[in-house]
Amino acid sequence: MAKLIVIHSFKGGTGRSNLTICLAALLARSGARVGVIDSDVMSSCIQILVGEDILRVERVLQSLAGPLPIRQIAHNLTSYLGPDTQGKLFVIPKERIFADPHATDIDAVYNRFQRAIESLALDIVLIDTPSGLNPEVLLSAAISDTFIILMRPDKQDYQGTGMMVELARRLHVPRIVMIVNEVPPDFDLGEVKTQVERAYQCEVGAVLPHSEQLMSMGSAAVFSMRHPEHPITHALQQIVASMHTAG
Ligand SMILES: Nc1ncnc2c1ncn2[C@@H]1O[C@H](COP(=O)(O)OP(=O)(O)O)[C@@H](O)[C@H]1O
Ligand SMILES: [Mg+2]
């Protein structure tokens with residue numbers, strides 16, 4: 001059965017969308033059939049990959065989407081990942097999963113999610129969730145196999161992040177992984193990892209430095225594709241490998 005990876009952060013602007021599309025691209029390139037559910041109404045992941053024009057078409061399609069099968073609604077973006085890509089990458093409009101953003105019917109969400117997986121024969125699904133604590137995040141976390149919590153080394157992130165870790169534990173999420181992003185260059189990455197592990201008693205999957213290259217790219221491309229040898233890409237590749245070996 002497909003695995004569900006939920007990517008969340010308590011605060012906004014921590015790098016969720018960039019991380020989601022990078023992980024999705026790396027997974028697809030390594031042979032997995034990957035679905036991305038973009039929580040952002042403006043479909044930021046799609047924007048990153050293919051730009052505004054298709055975004056507009058996407059929004060029109062979504063508004064007309066009701067009875068269309070998921071295979072016709074999902075965007076197959078595999079061709080953007082290069083000719084030697086072994087897997088597939090689809091972006092699925094979130095409305096097809098979370099029909100009503102205030103719905104709390106976990107079975108209905110789970111069933112819609114399963115139908116999307118089956119019709120696209122997916123191995124893995126990544127959900128890029130909105131920040132903060134809301135019904136969509138709770139529903140996603142409750143059915144997730146892995147809950148990735150992204151944070152920056154910033155006091156504003158600490159308390160909310162702690163609450164999200166605790167919540168994921170109470171929801172019995174099988175695997176909770178923290179990722180620290182945008183660590184300033186004068187910090188020791190290994191030390192940050194140890195401190196965060198100790199503070200939250202949680203697996204830390206990666207500690208990613210602030211990168212001028214990533215920032216100056218301005219979300220106009222998939223960083224891991226543009227910079228395959230960058231330390232950030234290597235760190236994300238390790239997370240992808242751990243997803244493969246986790247079964
Ligand atoms: N490690 C990093 N170094 C520098 N800039 C980053 C890094 N990670 C993310 N960013 C930048 O932060 C901004 C927010 O990223 P985004 O992925 O849209 O966050 P979110 O989805 O959490 O709101 C983007 O401009 C992105 O380029
Ligand atoms: Mg985002």
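Reckoned from all heavy atoms, side chains included, excluding hydrogens, waters and symmetry mates. Both ligands and their constituent atoms are indexed starting at 1 by order of listing.
Among the atoms of S17, an N, O or S atom is found under 2.8 Å from the Mg ion (ligand 2).
Residues S242 and R175 bring a donor and an acceptor atom of their side chains to less than 3.5 Å of each other.
On a distance-only criterion, D128 and ligand 1 share no N/O pair closer than 3.5 Å. Note: an N/O pair closer than 3.5 Å links S17 and ligand 1 by distance alone. Considering backbone and side-chain N/O of L208, none are found under 3.5 Å from N/O of ligand 1.
Closest heavy-atom approach to atom 16 (P) of ligand 1 within the set P130, C22, G15: this belongs to G15.
If you look at P209 next to ligand 1, the close heavy atoms, those under 4.0 Å, all belong to the backbone. With a heavy-atom cut-off of 4.0 Å, L19 does not touch ligand 1 at all.
A donor-acceptor contact shorter than 3.5 Å is absent between the side chain of Y200 and the backbone of E166. Between the S9 side chain and the M151 main chain, no donor and acceptor come within less than 3.5 Å of each other.
Under a 4.0 Å criterion applied to the non-hydrogen atoms of H210, ligand 1 contributes the atoms 3 (N), 4 (C).
In this structure, the side chains of V137 and P130 come closer than 4.5 Å at one or more pairs of heavy atoms.
D186 pairs by the side-chain hydrogen bond (donor to acceptor under 3.5 Å, both in side chains) definition with nothing, not counting sequence neighbours. Considering only residues two or more places apart in sequence or on other chains, K11 meets the side chain to side chain contact (heavy atoms under 4.5 Å, CB included) condition with T14, R152, Q156, D157.
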